Structure formats: C-alpha cells, structure tokens
Amino acid sequence: MIPSIGQFHTRLRLADAFLEYDAKYRVTKRRFVKPSFNDIRHVFNLAQVNELAADTSDLRLITLDGDCTLYSDGKNFEDEKLARFIGLLLCHGVHVALVTAAGYGYDSPKYETRIGSLLASFSMLPDAAKRRFFVLGGECNYLLQCNTACRLEPIPEKNWTGLDCHGWSPEQVQLLLDTSEATLTAAIDELQLRTRLIRKARAIGMIVGGKEAKLKYPDGSGSKNIRRELLDECVLRVHAALKDAGVTIPFCAFNGGSDVWVDVGNKKVGVEGLQKYLGLRPEQTMHVGDQFTNTGNDFAARSVATTTWILHPTETRYILKTLLTKLGVNVKVAANDDRSSKRARPEIAQ
Ligand code: IMP
Ligand code: MG
C-alpha cells in the first residue's frame, strides 16, 4: 500500500507499542483530537526501541545526528542528562557515533567545540568505553575516534574504508560540486535570494547572506532567514540537475532548516562504513535523527539502520532513557557506577 515505505531491519510490534503508548497518553480517550502524525511517529519509535531492547536483539551501534538531535540547530551540546545516557550506553558495550553533515575536515578542535561538554563527561568512563565513541563529519567523509584523554583523533580514510574518498573519481566529485554550484547560483538569481554560497572540498552550501546580499536583491528574501519553501525548492532543483548531469556517486542535497547543503556522499555511506569497520549489521544499529523527509539528510540512513525519528534533543534524551531502562540499565546513577547495569552484557573487542 505504501511503495516508498522502504525496508524494515527488525520486526516491529506496532500493536503492542500502540497499547503501551495509549496507556500513557490516552489516545483512545481523546474526544476531539484524532491520532496525529506525531502519535504515529512516537508509536513507531517505541516499537523500534522495544525490539532493540528485547533479549533476542543485539544492539551494538547508535548513530546520532547532530543539529536538532544532540543539540539545537547551530548550537553546541549542553544537555548533562543526555551526556550521562550516552555514557551509560558506552559502558553498556554500545558504540555511539555522532554522524553529522557538518564537515570540518579532520580539524578535531572544531568538532570538539560543538560537543565539548559531552566529551568532558566521558572523563570518568573506562578507556574501552571512551574509545567506543566516534564522530563522522561531512555525512561519511571524516571519521574521528574518542581517545583515552577524551580528545578526538582522526582515523585516516584508508584505515576504515580501505579507499581514498570511498573510491569515487575526482571527476565525479568535481561534476557534483560544479553542477550544484551552478544550480544554486541560478536559483539565487531567479528566486532573488539574499544568500551566499560556501564551497568546501566535499560540500557546497547556501546560507543566509546578511546585509551585503540585501543590497544585491532589494526585493528578495533570505538575508537573515530563508523560508522553508525556498530551501526545499533549491534542494529539489539540485536533485533534478544532478540527475540530468549524470552524477553517479552518492550525494546528499538537503534542507538543513536554515540552509541548503550538497555533500559528497550521504549518511547511508557513513553508517554502512561504520558498520563494516566495527563488523556490525543493520539490525544491530539504530540511527536517531530529525530529518527523515525526502529533502532531509537522515533519510539516507534508513536503508542501512533501524531508525527513530525525533524532533528535538529532548526527544533524543527520552528515547535513550527509554532504551536504557528497557535494557535493564539504571539511568539514575553515573555511567561509571557499578550499580548501573542489572543485566550483564559481554564486552566488545576493540
Ligand atoms: P546535522 O543535522 O548534524 O547533519 O547537521 C546539518 C547542519 O550542519 C547543516 O544544516 C549546516 O548548518 C551544518 N553544516 C556545516 N558544515 C556543513 C557541511 O559541510 N555540509 C553540510 N552541512 C554542514
Ligand atoms: Mg539534524
């Protein structure tokens, strides 16, 4: 009935999840408000978490999007409880990776600035737990691992993928970026967007243009914020142009909420690469993100991982708390506290 629904990597007991959700939120007792998109999203999330916490499952990797999932859009990480829950997962033998579109090459301090308080919260964890935390920047392009001093250490591409730039030809990368740049430049002109472009080695972005762009297009919009419809229009123009240009390598052109980015590669490549590196399968992985529409950048991860769709970092915290509780982990204590786990899990070889 829904051809675009995609593949499910685990069983989802939706009826059970609905009954559990209904017992708490009383959907069936509502008289005026019918079940909403959000109700359905929460029921699917709950069914997924229940399945991953079941004795028959073996959850080993949680990939977390950055903006809107771990921290507010464009801001830095600041949620102490969320940091504790991530620490508990790491101690529980689960690998955790921030998989973000934000790409700062291998400039570790830039990523460390965004998640400084999260890294600092790992200081009391055992070394093996610290080393289970990764950052994958630029969707799939730059992998870094937390070391025992809670700093991020680059892992050269050849060491985890066995290839340079995932084996994509420099000509295809050039074609992808040049076509995207030309399409965005034409869109800026036609839509009178007071925006500007940023080109990086493996990405091109369109962001608000400020005063300077206002002078160029006195009748346009986008100097301080860009309307969602205009962001979507730019993304869909890029999708069409890349198809026409014969780009065959994976890419991600997406609406970031306040900007548009086109990245070389996508989160499918990123999450799949991490799975290969760690020797894991899709049903052992959960990706948490906020952008699962066709112009969002978490969408690509669906084909290689189970997913939960959140709207805000507080929902990420709730999902991780629910998951930990169902895994038998005491969420009230610090991650390095011996009382944290009621259910022993085997340690993973590094
Ligand atoms: P995510 O939600 O963590 O995947 O981050 C997406 C946001 O990262 C985008 O909306 C941009 O604001 C920001 N960003 C910074 N650098 C890049 C880049 O090179 N590519 C894509 N997004 C970037
Ligand atoms: Mg996001």
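All values reported here derive from a predicted model rather than from experimental measurement. Along the sequence shown, residues are numbered consecutively beginning with 1. Each ligand, and each atom within it, is numbered from 1 in the order the structure gives.
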Quiz item: Which residue owns the protein heavy atom closest to atom 3 (O) of ligand 1, what's the atom, and how far is it?
Solution: T100 OG1, 2.7 Å

Quiz item: Hey, mind stepping through W261 and I204 against side-chain contact (heavy atoms from CB on, under 4.5 Å) and telling me if it holds?
Solution: CA-CA 6 Å; W261 283 88; I204 177 152; 5.8 Å; no

Quiz item: Does the side chain of D65 come within less than 4.5 Å of Q291's, by heavy atoms?
Solution: no

Quiz item: Does the side chain of I62 reach to within under 4.5 Å of the side chain of L323, using non-hydrogen atoms?
Solution: yes

Quiz prompt | Per atom 15 (C) of ligand 1, closest listed option by heavy atom (A102, G137, A253, G256) | solution = A102

Quiz item: Would you call the rings of Y277 and W160 parallel, tilted or perpendicular, where under 30° means parallel and over 60° means perpendicular?
Solution: perpendicular

Exercise. Output yes if D67 passes the N/O/S-under-2.8 Å test against the Mg ion (ligand 2); output no otherwise.
Key: yes

Quiz item: For ligand 1, which atoms sit closer than 4.0 Å to a heavy atom of A203?
Solution: 19 (O)

Quiz item: Between N266 and E139, does any side-chain donor sit less than 3.5 Å from a side-chain acceptor?
Solution: no

Quiz item: Which residue supplies the protein heavy atom nearest to atom 19 (O) of ligand 1, what is that atom called, and how far is it?
Solution: K200 NZ, 2.9 Å

Quiz prompt | Closest protein heavy atom to atom 6 (C) of ligand 1, given as residue, atom name and distance to 0.1 Å | solution = A101 CB, 3.8 Å

Quiz prompt | Protein contact to atom 12 (O) of ligand 1 [nearest heavy atom, distance to 0.1 Å] | solution = D259 OD2, 2.4 Å

Quiz item: Got the closest protein heavy atom to atom 22 (N) of ligand 1, with its distance?
Solution: W261 CG, 3.4 Å

Quiz item: When rounded to the nearest 0.5 angstrom, what distance separates CZ in R131 from CD in E153?
Solution: 6.0 Å

Exercise. Would you kindly specify which portion of N297 sits under 4.0 Å from ligand 1, judged on non-hydrogen atoms: side chain, backbone, both or neither?
Key: side chain

Quiz prompt | Sub-3.5 Å N/O-N/O distance, D73 and ligand 1 | solution = no

Quiz item: By number and element, which atoms of ligand 1 are closer than 4.0 Å to a non-hydrogen atom of K267?
Solution: 4 (O)

Quiz item: For the rings on Y71 and F77, is their centre-to-centre separation under 6.0 Å?
Solution: no

Quiz prompt | Output field: ring centroids Y104/Y142 closer than 6.0 Å | solution = no

Quiz item: Short N/O distance, under 3.5 Å, between G66 and ligand 1?
Solution: yes

Practice problem: Look at D290 and state whether any of its N, O or S atoms is less than 2.8 Å from the Mg ion (ligand 2). | Solution: yes

Practice problem: Restricting to N/O/S, name the atom of D65 that gets closest to the Mg ion (ligand 2). | Solution: OD2

Quiz item: What is the closest protein heavy atom to atom 1 (P) of ligand 1, and at what distance does it sit?
Solution: D65 OD1, 2.9 Å

Quiz item: Is the closest heavy atom of Q291 to ligand 1 under 4.0 Å?
Solution: no

Quiz item: For atom 20 (N) of ligand 1, which protein heavy atom lies nearest, and how many Å away is it?
Solution: D263 OD1, 2.7 Å

Quiz item: Between the side chains of S303 and Q7, is a donor N or O closer than 3.5 angstrom to an acceptor N or O?
Solution: no

Quiz prompt | Shortest protein contact, atom 7 (C) of ligand 1 (heavy atom only) | solution = D67 OD1, 3.8 Å

Quiz prompt | N147 side chain to K130 side chain, donor-acceptor N/O pair below 3.5 angstrom | solution = no

Quiz item: If you round to the nearest 0.5 Å, how far is CG of L311 from SG of C68?
Solution: 9.0 Å

